[in-house]
Amino acid sequence: MSGQRMVRVAAVQIAPDLDTSTGTLDRVLAAIAEAAGKGVQLVVFPETFVPWYPYFSFIRPPMLSGADHIRLYDNAVVVPGPVTDAVAQAAKRHNMVVVLGVNERDHGSLYNAQLVFDADGSLRLKRRKLTPTFHERMIWGQGDGAGLKVVDTAVGRVGALACWEHYNPLARYALMAQHEEIHVAQFPGSLVGQVFADQIEVTIRHHALESGCFVVNATGWLTEEQIAKISPDESLRKGLRGGCMTAIISPEGNHIVPPLTSGEGILVADLDMALIVKRKRMMDSVGHYARPELLSLIIDDRPTAPMRGAYPNRSMPATGDLSDETADVARPASADADGATDQRVAVLRSSSR
């Protein structure tokens, strides 16, 4: 748990470059440099900010979205690759933790990915949004439990979720049980309208209270010119306004600085890490306020794969001769569940070996 120390963080609300392949990355690098000039130690960018969030998919039917979808493929980020190299170098140069949302391309699929770079430039976490929301399911594949990780960084223990993943209490609890100190939230912004901004605020403030951590949330922004380019129909363009709630929240559920709800800008705040203990001494939802013998979480944190080679010799081992690795494949899922019920001890249980 954190002691007496301060961490300066920033949440960035800027518009992507919807026209060029490298324009958004250039904006990210410029914002990192600007934040460094303010003494920032952690900077957060919006959901799938590079190259851009697929706003077209919210207002346009699939039959008319093919060209934009292909263009997103063409400009998506390969991890590792030139984009991650550039961001890693900037993180190291400025001794800054950087959290960036990208459209990740993995061969024939796109994913909503969150990347956490440590201050030494190392990529500490790459995770994928577990379930794309509504229109997004036509764009991205599904993530897996391998990304539900809290990682140690230069600023403390950092966890991340994207957008409506915050409506999945078990996903949030998985991070809470790993004692995250700074939770990074990312939303697209410029979407749905004011009701979306209101919902974001409720969600991130509640998570801060429940987890006893700080929340740094970044949402994107679209200019009126960009909105007009996405759709010539004003009745559809109204769905691309509002929904911005870039904010920094304390473990007590309060805004540390006023939120940014329109326009571009960078919020900067100093986090007093002692507030985590102040909150958790009264309510630690994964510690003294938990009842793991009654309620607990089982998580499969293995990465998914389209093919597994459990038996290289193509022959099943004799009963009782299963190795730890092959036993995971051969044993019914119910066996793990039964074992967890019998043990009744773990708040967070990993099935990885």
Report yes or no: do S57 and S65 form a side-chain donor-acceptor pair below 3.5 Å? no
Does a side-chain heavy-atom distance below 4.5 Å link I249 with N217? no
Could you check whether any side-chain N or O of Q226 sits under 3.5 Å from a backbone N or O of T223, counting only pairs where one atom can act as donor and the other as acceptor? yes
From E181 atom CD to L275 atom CG, the distance as rounded to the nearest 0.5 Å: 12.5 Å
Assigning hydrophobic clusters by single linkage (Ile, Leu, Val, Met, Phe, Trp, Tyr; side-chain heavy-atom cutoff under 4.5 Å), is M282 placed with V277? no
Under-4.0 Å salt bridge between E252 and R205: no
What one should report as the nearest heavy-atom pair of A290 and Y173 is CB-OH, 4.3 Å
Taking all non-hydrogen atoms of both residues into account, name the closest pair between E47 and A162 and its distance. OE2-CB, 4.1 Å
Taking D118 for its side chain and A154 for its backbone only, find out whether a donor-acceptor pair lies under 3.5 Å. yes
Whether the S231 and D233 side chains hold a donor-acceptor pair (N or O, under 3.5 Å, no angle test) is what I'd like checked. no
Under 3.5 Å, side chain of R128 to main-chain N/O of G143, donor-acceptor pair present? no
E165 and K129 ion-paired at < 4.0 Å: no
Minimum side-chain heavy-atom gap L209-R279 below 4.5 Å: yes
Are any non-hydrogen side-chain atoms of Y53 and E136 less than 4.5 angstrom apart? yes
Is it the case that the side chains of R8 and Q41 hold a donor-acceptor pair, with the cut-off being a distance below 3.5 Å and no angle test? no
Check which hydrophobic residues are tied to V43 through side-chain heavy-atom contacts below 4.5 Å, counting indirect links as well, and list them. V12, I14, L25, V28, L29, I32, V40, F45, F49, V50, V77, V79, V83, V87, M96, V98, L100, V102, L115, F117, L123, I266, V268
With a cut-off of 6.0 Å (strictly less than), are more than 12 heavy atoms of other residues, nucleotides or ligands near NZ of K92? no
Rounded distance [0.5 Å steps], CG in D270 versus CD1 in I248: 9.5 Å
In the structure I gave you, are the side-chain heavy atoms of D284 and V286 within less than 4.5 Å of one another anywhere? yes
Which of parallel (below 30°), tilted (30 to 60°) and perpendicular (above 60°) describes F196 and F187? perpendicular
Would you call the rings of H69 and F56 parallel, tilted or perpendicular, taking 30° and 60° as the class edges? tilted
When rounded to the nearest 0.5 angstrom, what is the spacing between CZ in R137 and CD1 in I139? 13.0 Å
side-chain contact (heavy atoms from CB on, under 4.5 Å) involving S21 - partner list, sequence neighbours excluded: N75
Does any donor atom in the side chain of D106 or S109 lie under 3.5 Å from an acceptor atom in the other side chain? no
Taking a hydrophobic cluster as the set of Ile, Leu, Val, Met, Phe, Trp and Tyr residues connected by side-chain heavy atoms closer than 4.5 Å, whether directly or through intermediates, do L260 and V9 fall within one such cluster? yes
For the side chain of T219 and the backbone of M245, is there at least one donor-acceptor N/O pair under 3.5 Å apart? yes
Closest non-hydrogen atom pair, P62 against M138: CB-CE, 3.8 Å
Heavy-atom donor-acceptor pair, S211 side chain to A208 backbone, under 3.5 Å: no
Where is the tightest heavy-atom contact between A119 and V97, given as atom of each residue plus distance? N-CG2, 4.0 Å
Can you check whether G265's main-chain N or O pairs, donor with acceptor, with Q13's side chain at less than 3.5 Å? no
Tested for side chain to side chain contact (heavy atoms under 4.5 Å, CB included) against H183, the lone hit among V158, I204, V215 is V215
Are the charged groups of R124 and D152 less than 4.0 angstrom apart, N to O? no
Find out if a path of hydrophobic residues (ILVMFWY) with successive side-chain heavy-atom gaps under 4.5 Å connects L161 to W164. no
Could you verify whether a donor N or O on one side chain and an acceptor N or O on the other, from N103 and W140, lie under 3.5 Å apart? yes
M283, CE atom: more than 12 neighbouring heavy atoms under 6.0 Å: yes
Is there side-chain contact between V99 and L42, with at least one heavy-atom pair below 4.5 Å? yes
Does a side chain donor of either Q186 or Q114 reach within less than 3.5 Å of an acceptor in the other side chain? yes
Answer yes or no: is there a donor N or O on one side and an acceptor on the other, between the side chain of T24 and the main chain of P51, under 3.5 Å? yes
Check the pair V184, V116 against side chain to side chain contact (heavy atoms under 4.5 Å, CB included), reporting the backbone distance first and the verdict last. CA-CA 10 Å; V184 173; V116 179; over 6 Å; no
Less than 4.5 Å apart, any side-chain heavy atom of T48 and any of P54? yes
What closest approach, in Å, do V7 and I182 show between heavy atoms, and which atom pair accounts for it? CG1-CD1, 4.5 Å
Run R27 and E264 through salt bridge (charged side-chain N to carboxylate O under 4.0 Å, His left out) and show every step you take. CA-CA 12 Å; R27 301 215 69 194; E264 296 186 301; 2.8 Å; yes
Would you say D198 and Q194 are linked by a side-chain donor-acceptor pair, where the criterion is simply a distance under 3.5 Å? yes
Pair I230-D68, side chain to side chain contact (heavy atoms under 4.5 Å, CB included): steps then yes or no: CA-CA 10 Å; I230 295 171; D68 284 313; over 6 Å; no
Taking C-beta and beyond as the side chain, do E104 and V78 meet within less than 4.5 Å on heavy atoms? no
Less than 4.0 Å between a side-chain N and a carboxylate O, is that true for D272 and R5? no
Evaluate the criterion side chain to side chain contact (heavy atoms under 4.5 Å, CB included) for residue pair I299 and L148; output intermediate values, then yes/no. CA-CA 9 Å; I299 179 173; L148 287 175; 3.6 Å; yes
Same cluster or not: V195 versus Y167, using hydrophobic residues (I, L, V, M, F, W, Y) connected whenever any side-chain heavy atoms lie under 4.5 Å apart? yes
Within the side chain of T84, is there an N or O that forms a donor-acceptor pair under 3.5 Å with the backbone of P80? no
Please report the interatomic distance SG(C244) to CG(L191), rounded to the nearest 0.5 Å. 9.5 Å
Check R241 with E234, please: is the shortest side-chain N to carboxylate O separation under 4.0 Å? yes
If you measure from CG on N95 to CG on D120, what distance do you get to the nearest 0.5 Å? 8.5 Å
Membership question, hydrophobic clusters at under 4.5 Å side-chain separation (ILVMFWY): are L236 and L222 in the same one? yes
For the pair R172 and H206, evaluate side chain to side chain contact (heavy atoms under 4.5 Å, CB included) and give the outcome as yes or no after the intermediate values. CA-CA 11 Å; R172 293 193 303 106; H206 176 73; 3.9 Å; yes
Any chance OH of Y289 has more than 12 other-residue heavy atoms, nucleotides or ligands included, within less than 6.0 Å? no
Is it the case that the side chains of E180 and H207 hold a donor-acceptor pair, with the cut-off being a distance below 3.5 Å and no angle test? yes
Return the CZ to CG distance between R71 and L18, rounded to the nearest 0.5 Å. 7.5 Å
pair I276-F214: side-chain heavy atoms closer than 4.5 Å: yes
Within the side chain of Q178, is there an N or O that forms a donor-acceptor pair under 3.5 Å with the backbone of A174? yes
